[in-house]
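These notes concern the structure reproduced below.
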Amino acid sequence: MEPIFTQKFTLSDLYLDCHRRMKPSMILYFTQEVAGNHCVELKKDWETLASQGLFWAVIRHRVRISRLPMAGETITVQTWPMPTTRVAYPRNVVAFDENGNELFRVMSLWVLMDLNTRAMVLPGKSGVQVDGILRGTELPAPASLPPKELENATHRWVCFTELDRNGHMNNVKYLDWIADLMSSEFHKEHTPKEITLCYLSECREGDRLRLQHGFSGGKLQVEACRHDPADGKAHRIFAAEITYQA
């Protein structure tokens, strides 16, 4: 089976912000789509894994953006799996415009989860093998983001429309939540060039998250926590760091 999978997308209004530019979260959507469609070809798709009591989950994203495309553009997105590590299944994505210029590049770390226990299953114990390649153009693996105390805070609840087929908030929605922390005027004047997202625990419908955030030196940092009444503690759910260019 071909290790590199390619798919084209034309940017309709569904993918755009109010400035007619592609929403940054759509990078994660296209990443998810091409990875999922490639997994169908590899016979590692959702239905096949669910029959084994497993499902794919992404734990980290690293994104580098050269340009966010505009309304009406058709983009070509390529993806390929990289060699499996002891813990994760790394996957790379790169997108080009109609002239062959790079638009964005993504390095993501995927893991297998048990459908019932929601615990991670290591590759060596999963029985799932994905043959990966290295092309020499991949981004470095996304690093962890240490906890931070940030000056601003707000709260949001996970809603029905934000859930995916695994019953938790889809990773695309995390980046939408982060974008909503800043105004449309901010987004008009600033475009992201580097994004790191770490997903630390899944979000389920009705979860109330406290979002701390701060913007300084062209960088937006976000910490999301959920209060657990069982132990009275706040548990980290996700963290993000986005570097913008004005």
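Numbering starts at 1 and runs along the sequence shown.
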**Salt-bridge present (E194, K219; N to O < 4.0 Å)** = no
**Request:** Assess the side chains of S108 and W110: does a donor N or O sit below 3.5 Å from an acceptor N or O?
**Result:** yes
**Asked** How about S201 and R236: does a side-chain donor come under 3.5 Å of a side-chain acceptor?
**Response** no
**Request:** Could you give me the CA-CA distance, side-chain angles and deciding distance for E205 and W157, then say whether side chain to side chain donor-acceptor pair (under 3.5 Å) is met?
**Result:** CA-CA 8 Å; E205 185 175 9; W157 283 259; over 6 Å; no
**Prompt:** Are H227 and K233 side-chain neighbours, meaning at least one heavy-atom pair lies under 4.5 Å?
**Reply:** no
**Message:** Under 3.5 Å, is there a donor on one side chain and an acceptor on the other for N171 and Q32?
**Reply:** yes
**Prompt:** Looking at the rings of F238 and Y174, which for Trp means the six-membered one, are their centres under 6.0 Å apart?
**Reply:** yes
**Request:** Kindly state whether the ring of F215 and the ring of F186 have centres lying under 6.0 angstrom apart.
**Result:** yes
**Residues E47 and R165 bridged, charged N to O under 4.0 Å** = yes
**Item:** Basic-acidic side-chain contact under 4.0 Å: E73, R67
**Value:** yes
**Between K193 and T243: side-chain donor-acceptor atoms closer than 3.5 Å** = no
**Item:** Side-chain donor or acceptor of H187 paired with backbone N/O of A179 under 3.5 Å
**Value:** yes
**Prompt:** Without hydrogens or angle criteria, can the side chains of S126 and Y89 be said to hold a donor-acceptor pair below 3.5 Å?
**Reply:** yes
**Test item: N92 and R105 side chains (from C-beta on) under 4.5 Å apart, heavy atoms** = yes
**Prompt:** Should the heavy atoms of other residues, nucleotides or ligands under 6.0 Å from CD of E149 be counted, would the total exceed 12?
**Reply:** no
